Amino acid sequence: MKLSVIITTYNSEEWLRKVLLGFTVQTEKDFEVVIADDGSTQKTVDIINLFAEKFKHPIIHVWQQDLGFRKSRILNKAILKSNSDYLLFTDGDCIPRKDFVAVHVKEKQEGYFLSGGYFKLPMSISNEISDDHIISQKCFNISWLIKQGLQANFKVSKLTHNNYFAAFMNWLTPTKRSWNGHNSSGFKQDILDVNGFNEAMDYGGMDRELGERMFNNGMLSKQIRYSAICLHLDHARGYANKERIKQNMEIRHYNKKHKIIRIENGIDTLKI
């Protein structure tokens, strides 16, 4: 297979259903889906079962007990369960455009990871998106979104279907080419080389910290935020904790300053 798509989720069944539907209509079919589940209930299993026959390769459901926000750990577990040497990471609240996987496959390159972005929707439009809107790709149509109440501004240019404009904006944008948990990809070995995600970190910057250690290891990154498009569905973030976010920033600052590549609390702990 050309890659493994790793999707994080936690008790967000309706959003996950919309996301999985988006992956059923991808132009590139040769990929597997790995669900990195941070302790959801049976309702999430029921949603996954609905899509069991919808993909070329079997869905892999990696689950861990709900002991609080442990995204780094479930991602490390999902990495070990994946069957491809190239991994695409996204979240269970991000509907992919039909060329999402194809763009990551096309742009992958040795020595680089790919840095994508998202287009954030308000809750009103997130709820409005139906199955038909996803299958027809109408939800990625700028005029349709504006009719649903989306404020028209320059940000909607992310949804362009013009490949030349997208390539130009990828080059022009001042946004850093960081590792973004909702839309980034890289070779599995490059992720293993830095010992995966840092399980000492909670919500807030744990995805970017992985990318920063990959940079410390000599990696480069490519900007594809205008080419690989996903719609971010709105939701509450009850797990956000200011003190933990502050601690995460301290870890990132230390690792940058000291050029840390491999952390202790990483994927190796799962191999023991």
Side-chain angles (χ1 to χ4, degrees), residues 2-8 19 22-23 26-28 31 75 79 84-91 93-121 137 139-140 142 145 153-191 193-194 196-198 204-233 248-249 252-253 255-256 259 261:
K2 294 181 179 178
L3 58 72
S4 297
V5 178
I6 297 180
I7 306 172
T8 57
V19 170
F23 278 105
Q26 293 294 297
T27 57
E28 173 59 62
F31 63 91
L75 281 170
I79 290 168
S84 175
D85 64 355
Y86 195 78
L87 309 179
L88 166 54
F89 293 80
T90 188
D91 289 330
D93 53 17
C94 292
I95 302 174
R97 196 169 68 185
K98 66 180 181 179
D99 59 348
F100 186 75
V101 173
V103 170
H104 278 271
V105 170
K106 178 184 176 183
E107 296 295 335
K108 72 176 183 177
Q109 182 177 347
E110 294 281 356
Y112 289 79
F113 68 78
L114 302 182
S115 175
Y118 60 60
F119 188 83
K120 192 171 184 177
L121 298 177
Q137 297 288 280
C139 58
F140 292 93
I142 295 174
L145 290 168
N153 54 40
F154 185 74
K155 289 183 179 180
V156 300
S157 63
K158 283 185 181 180
L159 299 175
T160 179
H161 288 268
N162 186 306
N163 292 333
Y164 295 104
F165 178 77
F168 175 72
M169 290 305 299
N170 287 335
W171 171 79
L172 182 66
T173 179
T175 303
K176 291 182 179 180
R177 298 185 297 271
S178 55
W179 184 281
N180 305 311
H182 49 265
N183 185 355
S184 286
S185 65
F187 287 92
K188 182 190 292 188
Q189 190 56 53
D190 292 330
I191 298 169
D193 285 346
V194 299
F197 289 87
N198 192 338
M206 43 81 62
D207 298 298
R208 293 195 174 190
E209 190 269 346
L210 170 71
E212 288 157 2
R213 283 185 286 111
M214 293 173 78
F215 285 140
N216 292 343
N217 200 32
M219 295 285 297
L220 299 173
S221 66
K222 292 170 65 176
Q223 182 69 270
I224 59 167
R225 69 197 307 258
Y226 282 82
S227 302
I229 306 302
C230 59
L231 296 175
H232 183 273
L233 303 171
N248 288 352
M249 291 301 297
R252 290 176 63 188
H253 177 74
N255 289 351
K256 285 183 185 178
K259 303 294 183 182
I261 294 173

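Residue indices begin at 1 and follow the sequence shown. Values below: every heavy atom of this structure, side chains too, minus hydrogens, waters and symmetry copies. Values in this document were obtained by computation on a predicted structure and should not be read as measured data.
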- Query: Out of S221, S184, S185, which residue meets the side-chain contact (heavy atoms from CB on, under 4.5 Å) rule with W179?
  - Reply: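 Single pass found, and it is S184.
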- Give the intermediate values and the outcome of side-chain contact (heavy atoms from CB on, under 4.5 Å) for residues I7 and F23. CA-CA 11 Å; I7 306 172; F23 278 105; 3.8 Å; yes
- Parallel under 30°, tilted from 30 to 60°, perpendicular over 60°: which one fits the rings of F113 and F215? tilted
- Message: Please list all pairs meeting salt bridge (charged side-chain N to carboxylate O under 4.0 Å, His left out) that have one or both residues in residues 108-119, counting only residues at least two apart or in different chains.
- Response: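 Sorted pair list comes back empty.
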Can you name the nearest heavy-atom pair linking [X] to [Y], along with the distance?
{"X": "C230", "Y": "C94", "value": "SG-CB, 3.9 Å"}
{"X": "P96", "Y": "V19", "value": "CD-O, 3.8 Å"}
{"X": "E107", "Y": "L114", "value": "O-CD2, 3.5 Å"}

- Cut-off 3.5 Å, side chains only: do N255 and E212 have a donor facing an acceptor? no
- Looking only at side chains, do N183 and T90 share a donor and an acceptor under 3.5 Å apart? no
Using only atom types and a distance under 3.5 Å, with no angle test, would you say the side chain of [X] pairs donor to acceptor with the backbone of [Y]?
{"X": "K188", "Y": "S84", "answer": "yes"}
{"X": "N180", "Y": "G117", "answer": "no"}
{"X": "Q26", "Y": "F100", "answer": "yes"}
{"X": "S115", "Y": "Q223", "answer": "no"}
{"X": "R225", "Y": "R177", "answer": "no"}

If you round to the nearest 0.5 Å, how far is [atom2] of [Y] from [atom1] of [X]?
{"X": "D85", "Y": "D190", "atom1": "CG", "atom2": "CG", "answer": "10.0 Å"}
{"X": "M214", "Y": "N216", "atom1": "CE", "atom2": "CG", "answer": "11.0 Å"}
{"X": "D193", "Y": "N217", "atom1": "CG", "atom2": "CG", "answer": "6.0 Å"}
{"X": "R97", "Y": "L231", "atom1": "CZ", "atom2": "CG", "answer": "9.5 Å"}
{"X": "I229", "Y": "L159", "atom1": "CD1", "atom2": "CG", "answer": "6.0 Å"}
{"X": "D93", "Y": "K120", "atom1": "CG", "atom2": "NZ", "answer": "9.5 Å"}

- Could you please spell out the steps behind the side-chain contact (heavy atoms from CB on, under 4.5 Å) verdict for V5 and H104? CA-CA 10 Å; V5 178; H104 278 271; over 6 Å; no
- Task: Apply side-chain contact (heavy atoms from CB on, under 4.5 Å) to the pair I191 and L87, showing each step before the final yes or no.
- Result: CA-CA 9 Å; I191 298 169; L87 309 179; 4.2 Å; yes
- Query: Would N198 and N248 count as a side-chain contact (heavy atoms from CB on, under 4.5 Å) if you check the C-alpha gap in whole Å, the side-chain angles of each, and the deciding distance to 0.1 Å?
  - Reply: CA-CA 10 Å; N198 192 338; N248 288 352; over 6 Å; no
- Query: Can you name the residues that form a side-chain hydrogen bond (donor to acceptor under 3.5 Å, both in side chains) with S4, not counting sequence neighbours?
  - Reply: E32
- Taking the six-membered ring where the residue is Trp, are the ring centres of F89 and F197 under 6.0 Å apart?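 Between F197 and F89, which both carry aromatic rings, the centre distance is below 6.0 Å.
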